[in-house]
Amino acid sequence: ACRSNPTSSGRTLIMTRSVFLAATLLVVSVYAQTRDVPVAMGNLGVHYNLRSVISTDAHPLTAAATGPIWCQATLNEIPLPIVTSNFVRYSDPQRRKFSPDVNHTMHKASLEVGQTVHDSMGKYRCEIVIKENEEYEKTIFGNLMVYSSPFFHTNGSMNMKIEDEHNKNSVTADTVYATEGAEMVIHCPAVGYPKPSINWYMNDDLLVASERVRISSNGTQLIIDNFAQTDAGTYSCVATNKYPTRLDLDFKDHEATLRQAVRIGSPYGWIYPLLVILVILLLLFIIIYACTACKRFQHDNYNVAKREKLLRTPSPASSAASTKKYELVQSA
Ligand SMILES: *[C@@H]1O[C@H](CO)[C@@H](O)[C@H](O)[C@H]1NC(C)=O
Ligand SMILES: *[C@@H]1O[C@H](CO)[C@@H](O)[C@H](O)[C@H]1NC(C)=O
Ligand SMILES: *[C@@H]1O[C@H](CO)[C@@H](O)[C@H](O)[C@H]1NC(C)=O
C-alpha cells in the first residue's frame with residue numbers, strides 16, 4: 001500500500017512544473033506590460049561590408065559600417081530626455097569611451113563607429129543618464145553590436161594575396177618552411193566579431209587533433225610535432241562567424257579562408273643550386289681560359305720551322321725588337 005506509482009508521481013511533477021512555469025511567464029509578462037521602469041532601446045547592431053580580408057598593423061582594413069549605432073532611454077515606449085551619454089567599447093582592454101552625437105529633439109544618442117575594422121568592431125555599451133525625478137539621475141544601459149565577417153590581421157609578418165578576384169574572402173600566404181623532425185606552428189590570424197571559429201584543413205581534408213597534431217584552444221595555431229615529409233602540403237584555415245545582416249533576418253554564416261603551402265627546407269633553398277651553377281661556370285671559364293693560353297704557348301714553342309725562319313731571315317713583318325735581340329745574341 002505504501003508503494004508509490006512512479007508514473008503518476010512523475011506526471012504530477014511535470015504538471016506542477018508546467019503550472020509554475022505558466023504562472024511565472026504570466027507574472028513576468030504582466031510586470032513587463034505594466035512596469036514603469038525606463039529601458040534602453042536602440043538599433044541592436046550594425047555591420048561592416050568588407051571589400052578584403054587582409055589587414056596589417058601598417059595598412060589596417062577599413063570599411064564603412066551600415067550606419068551609426070544609436071540608443072535612447074524610454075519609459076513605456078516614450079523617449080526620455082538625455083542628460084549625458086557615453087558609448088563604451090567592451091571588446092577593448094582599455095574600455096575606450098566614445099561621445100555620441102545627441103539629438104535632443106528625438107532624445108537619441110548615436111555614434112558613427114570608426115572605419116578601422118580591427119579596432120572598431122565589437123560589443124559597445126550605451127550609457128544614458130536621465131533624470132529620474134527632480135533630485136536623482138539614473139543611468140540606463142544597453143548593448144549594441146558592431147559585426148564584422150572574419151578577416152586576417154597580422155603585424156605584417158605574413159604576406160597574403162587574393163587568389164581569385166571573384167572570391168575576395170579567400171587568400172594565400174607565402175610558402176612556409178618546416179624543419180623535418182621539428183615542431184611546426186602554422187598561424188591563422190583570423191579576427192572578426194563575433195569571434196570566428198576556425199577549422200583546419202590539409203589538402204582539403206578536415207584536420208582533427210591527434211597526439212601529434214594540436215590545435216590551440218582559440219584555433220589560431222596548428223601545432224604539428226615531429227614534422228615529416230608526409231606532412232608537407234597545403235594547409236587552410238576556414239574562419240566562420242554568424243550574425244544577422246538585418247534585424248529581421250536570421251543569423252547568417254560569414255567565412256574567410258587562408259591557404260598556405262608548407263614545405264620542408266629553407267626559404268633560401270634555391271641559393272645552393274645557384275651557387276653550384278656559379279661555381280661550375282667559373283670553373284669552366286678558368287678551364288677555357290687556361291686551355292686557350294696553353295694552346296697559344298704550345299703553338300709558339302713547337303712551331304719550330306716558323307721559329308727558325310724567323311730567326312734566320314727576319315721578315316719585314318717581324319718587329320724591330322726581335323731583330324735587336326738577334327743582333328745582341330750574335331755579338332755576344
Ligand atoms: C534630430 O533628428 C531629427 C529627425 O531625424 C532631425 O530633423 C533634426 O534635425 C535633428 N536635430 C539635430 C539637432 O540634429
Ligand atoms: C610579428 O609577429 C611575429 C609573431 O607573430 C613576430 O615573430 C615578429 O617579430 C613580428 N614582426 C614585427 C615586424 O613586429
Ligand atoms: C590564441 O591563442 C594563442 C595561444 O594559445 C595566443 O597566442 C593568441 O594570442 C590567441 N589569439 C586570440 C585572437 O585570442
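Here the structure is a predicted model, which is why all the values come from computation and not from measurement. Index from 1, following the sequence. As the structure lists them, so they are numbered: ligands from 1, and atoms in each ligand from 1. Below, each value reflects all heavy atoms present in this structure, side chains not excepted, and no hydrogens, waters or symmetry copies.
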Quick one: is the NZ or CZ of Arg95 closer than 6.0 Å to the six-membered ring centre of Tyr90, and within 45° of its axis?
yes
Within 4.0 Å of atom 2 (O) of ligand 1 (strictly less), any protein heavy atom?
yes
Right, does atom 13 (C) of ligand 1 have protein non-hydrogen atoms nearer than 4.0 Å?
no
Side chains of Pro189 and Val191 in contact at under 4.5 Å (non-hydrogen atoms)
no
Among all protein heavy atoms, pick the one closest to atom 5 (O) of ligand 1 and tell me residue, atom and distance.
Met106 CG, 4.4 Å
I would like to know whether Tyr243 and Tyr147 meet ring pair (Phe, Tyr, Trp, His ring centres under 6.0 Å); could you show each step before the answer?
CA-CA 7 Å; Tyr243 58 85; Tyr147 299 116; 4.9 Å; yes
Out of Val102, Asn103, Asp101, whose heavy atom sits nearest atom 8 (C) of ligand 1?
Asn103
With distance as the sole test, does Arg125 use its side chain to make a donor-acceptor pair with the main-chain N or O of Val88 at under 3.5 Å?
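Side chain of Arg125 to backbone of Val88: no pair is present.
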